[in-house]
Amino acid sequence: MALTGRAALLAALGSLPVGIWDPGWTGLLAVNAPLAVACACDFALAAPVRRLGLTRSGDTSVRLGEPADVTLTVTNPSNRPLRAHLRDAWPPSSWLPGTEIEASRHRLTIPPGERRRVTTRLRPTRRGDRPADRVTIRSYGPLGLFSRHGTHQVPWTVRVLPPFTSRKHLPSKLARLRELDGRTSVLTRGEGTEFDSLREYVPGDDTRSIDWRATARQSSVAVRTWRPERDRHILVVLDTGRTSAGRVGDAPRLDASMDAALLLAALASRAGDRVDLLAYDRRVRTLVQGRTAKDVLPSLVNAMATLEPELLETDARGLTATALRTAPRRSLIVLLTTLDAAPVEEGLLPVLSQLTQRHTVLLASVADPYVSRMAGSRGNTDAVYEAAAAAQAQSERDRTAEQLRRHGVTVVDATPDDLPSALADAYLALKTAGRL
């Protein structure tokens with residue numbers, strides 16, 4: 001039971017004149033007696049909070065940046081009407097800054113024996129699971145003098161998925177893939193590709209593609225057309241260690257790596273290749289294997305939703321051993337990690353040969369666009385020092401990338417906006433060359 005602001009104001013107004021005219025307790029009680037009776041009646045007529053029935057329905061998942069609606073159904077089983085203020089509490093990251101109060105609070109009026117629905121619109125600002133907190137209800141009497149207060153636990157969880165902003169690049173990459181598959185007029189050949197068909201020679205064709213036996217049987221020169229091999233295995237490895245926590249812009253590097261991995265998975269599954277996912281730092285954080293082309297993208301998105309960077313150094317030996325167990329046959333291993341000199345030279349390079357001996361390795365890293373802006377800055381002493389520091393940092397990354405290339409690794413180093421497209425292009429280039 002709680003005294004409302006209205007009741008407190010009436011009590012103050014009722015007791016003030018008594019303090020002036022009659023300091024005795026008898027006069028004070030006499031003046032406040034009607035107010036006490038009104039408050040008691042108001043409290044008795046307020047609907048009980050503990051007996052209310054509450055259930056939830058609505059969205060259980062949403063992409064980061066999009067709204068999610070969760071409906072709360074409130075049933076009033078009592079014989080008194082419910083006049084209430086309701087607060088539907090969620091974690092702070094479930095709302096845009098400054099919108100929580102407006103979005104989480106509702107007014108309710110429910111006649112006896114009926115129910116009403118209120119909808120809370122969430123706009124999460126971070127990936128992961130967002131569990132509902134308590135529902136707090138304050139039930140008022142008809143005069144609004146007293147209220148009944150109570151809380152209910154109504155479990156519900158909304159999973160916030162990666163936004164997959166790079167899906168805008170998918171149509172153009174699929175068009176290139178169709179060219180590689182020979183479904184347009186542009187056909188390719190390359191070592192390790194599958195023979196597709198014969199067609200008439202046109203100027204510009206590689207003379208090594210001429211089929212001399214077929215040419216001898218007809219009046220025109222025949223050339224072989226090729227299509228990339230299908231059903232290749234791709235293992236995407238996300239490094240979730242310390243370096244993935246570094247922020248580039250408004251998000252950690254891990255989020256940019258996830259976006260690139262999703263575009264690659266969508267493209268590779270359309271190409272008929274099998275895609276698995278391994279997230280690792282010092283232990284396996286998530287592993288997705290054996291999904292069909294139809295299920296692979298939803299499975300990866302769901303698995304990535306709860307991944308967070310771990311503030312510890314990645315165990316390169318453990319990562320390599322786990323990758324080799326996950327991909328026992330020849331595969332394309334796409335390693336999304338850092339190009340910082342120390343982690344690569346001290347951790348990855350000593351064990352890299354174990355991967356490159358058996359697999360094709362592609363390493364993709366998130367570059368900071370601010371470094372490029374620093375490198376071009378001039379005008380004062382501070383800007384010149386910043387440009388020198390940026391040039392040194394970029395030189396170290398280039399040197400590290402060159403070390404990896406000497407070990408047979410394909411390296412992609414791009415900013416968060418450019419990394420998904422660059423990684424997809426590198427995959428298509430390997431496929432064109434027949435290196436998968």
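Listed by first then second residue, pairs satisfying side-chain hydrogen bond (donor to acceptor under 3.5 Å, both in side chains) with a partner in residues 62-74 read D69-R121, T71-T119, not counting sequence neighbours. Evaluation of the ring pair (Phe, Tyr, Trp, His ring centres under 6.0 Å) test over residues 53-85, restricted to residues two or more places apart or in two chains, returns H85-Y140.
Taken from CG in D315 to CZ in R282, the straight-line distance is 5.5 Å, to the nearest 0.5 Å. In this structure, CG in L235 is found 9.0 Å from CG in L332, a value given to the nearest 0.5 Å. Distance CG/L363 to OG1/T338: 9.0 Å, rounded to 0.5 Å. Distance check: D413 CG to L339 CG gives 5.0 Å after rounding to the nearest 0.5 Å. Taking CZ from R130 and OG from S93, the interatomic distance works out to 3.5 Å, rounded to the nearest 0.5 Å. If you take CD1 on I110 and OG1 on T75, they are separated by 7.5 Å, rounding to the nearest 0.5 Å.
Counting heavy-atom neighbours within 6.0 Å of D250 CG, excluding the residue itself, gives a total of 12 or less. Sparse packing is recorded around CZ of R115, with 12 or fewer heavy atoms of other residues, nucleotides or ligands lying under 6.0 Å away. Enclosure of atom CZ in R117 is not indicated, since only 12 or fewer non-hydrogen atoms of other residues, nucleotides or ligands lie within 6.0 angstrom. A 6.0 Å sphere centred on CD of Q153 holds more than 12 heavy atoms belonging to other residues, nucleotides or ligands. Atom CZ of R406 sits in a crowded spot, with more than 12 heavy atoms from other residues, nucleotides or ligands closer than 6.0 Å.
When all heavy atoms of P343 and T243 are compared, the pair lying nearest together is CG-CG2, 4.1 Å. When all heavy atoms of V351 and A316 are compared, the pair lying nearest together is CG2-O, 4.0 Å. The two residues P369 and P416 come nearest to each other via the heavy atoms CD-CD, 4.0 Å. The minimum heavy-atom distance between V301 and L262, with the atom names listed, is CG2-CD2, 3.7 Å. The two residues S269 and V275 come nearest to each other via the heavy atoms N-CG2, 4.4 Å. Considering all non-hydrogen atoms of both residues, T125 and W95 come closest at CG2-O, 3.4 Å.
Residue R159 is tested with T60, T306, D59, D129 for a side-chain hydrogen bond (donor to acceptor under 3.5 Å, both in side chains); the sole match is D129.
Side chains of D281 and T314: no donor on one and acceptor on the other come within 3.5 Å. For the 3.5 Å distance criterion, the side chains of S139 and R83 fail to qualify, holding no donor opposite an acceptor. Inspection of the S365 and R397 side chains reveals an N or O donor paired with an N or O acceptor under 3.5 Å. Residues R330 and T360 bring a donor and an acceptor atom of their side chains to less than 3.5 Å of each other. A side-chain donor-acceptor contact under 3.5 Å links K173 and S421. Looking only at atom types and distance, the side chain of S166 has a donor-acceptor partner in the side chain of D259 under 3.5 Å away. Looking only at atom types and distance, the side chain of T136 has no donor-acceptor partner in the side chain of H149 under 3.5 Å away. No donor-acceptor contact under 3.5 angstrom links the side chains of R317 and T320, judged on distance only. No hydrogens or angles considered: nothing links the side chains of S395 and D398 as a donor-acceptor pair under 3.5 Å. Inspection of the S78 and N76 side chains reveals an N or O donor paired with an N or O acceptor under 3.5 Å. Side-chain contact annotation: D273 with Y427, donor-acceptor N/O pair under 3.5 Å present.
Residues L324 and H359 form a side-chain contact, since some pair of their non-hydrogen atoms from C-beta on lies under 4.5 Å apart. Looking at L287 and V284, their side chains come closer than 4.5 Å, going by heavy atoms from C-beta outward. At least one side-chain heavy atom of V158 sits under 4.5 Å from a side-chain heavy atom of L122. Here the side chains of R176 and D425 are in contact, with some heavy-atom distance below 4.5 Å. Looking at V288 and D276, their side chains never come closer than 4.5 Å, going by heavy atoms from C-beta outward. With contacts defined as side-chain heavy-atom distances shorter than 4.5 Å, the pair L238/L307 qualifies. Side-chain contact check for V296 versus L300: some heavy-atom pair is nearer than 4.5 Å. Residues E396 and Q394 are not in side-chain contact: their nearest non-hydrogen atoms beyond the backbone lie 4.5 Å or more apart.
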- prompt: Does the side-chain hydrogen bond (donor to acceptor under 3.5 Å, both in side chains) test come out yes or no for D295 and T292, once each step is laid out?
  reply: CA-CA 5 Å; D295 296 333; T292 63; 3.2 Å; yes
Worked check of side-chain contact (heavy atoms from CB on, under 4.5 Å) between V74 and R116: CA-CA 5 Å; V74 183; R116 294 290 185 271; 5.6 Å; no
field: salt bridge (charged side-chain N to carboxylate O under 4.0 Å, His left out) assessment of R399 paired with E345
entry: CA-CA 11 Å; R399 180 174 59 84; E345 294 175 356; 2.9 Å; yes
field: Working for side-chain contact (heavy atoms from CB on, under 4.5 Å), residues M304 and L277
entry: CA-CA 9 Å; M304 290 178 180; L277 172 71; 4.1 Å; yes
message: I'd like to know whether L86 forms a side-chain contact (heavy atoms from CB on, under 4.5 Å) with R105, so could you lay out the CA-CA distance, the side-chain angles of the two residues, the decisive distance to 0.1 Å, and finally the verdict.
response: CA-CA 6 Å; L86 180 148; R105 286 163 169 76; over 6 Å; no
task: Could you check L335 against L319 for side-chain contact (heavy atoms from CB on, under 4.5 Å), going step by step and ending with a plain yes or no?
output: CA-CA 10 Å; L335 181 57; L319 184 150; 4.1 Å; yes
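Between R285 and E310 a salt bridge is recorded (basic side-chain N to carboxylate O distance below 4.0 Å). For E386 and R373, the salt-bridge test fails: no basic side-chain N is under 4.0 Å from an acidic carboxylate O. A salt bridge does not link R134 with D88: every distance from a Lys NZ or Arg NE/NH1/NH2 to an Asp or Glu carboxylate oxygen is 4.0 Å or more.
When the side-chain contact (heavy atoms from CB on, under 4.5 Å) test is applied to P298, no partner is found at least two apart in sequence or on another chain.
Checking side-chain atoms of N380 against main-chain N and O of D382 turns up a donor-acceptor pair under 3.5 Å. Of the possible donor and acceptor atoms, none in the side chain of S372 sits under 3.5 Å from a partner among the backbone N and O of Y370. A donor-acceptor pair under 3.5 Å links the side-chain atoms of R148 to the main chain of A46, judged by distance alone. Under the 3.5 Å distance criterion, the side-chain polar atoms of S257 are matched with a main-chain donor or acceptor of R253.
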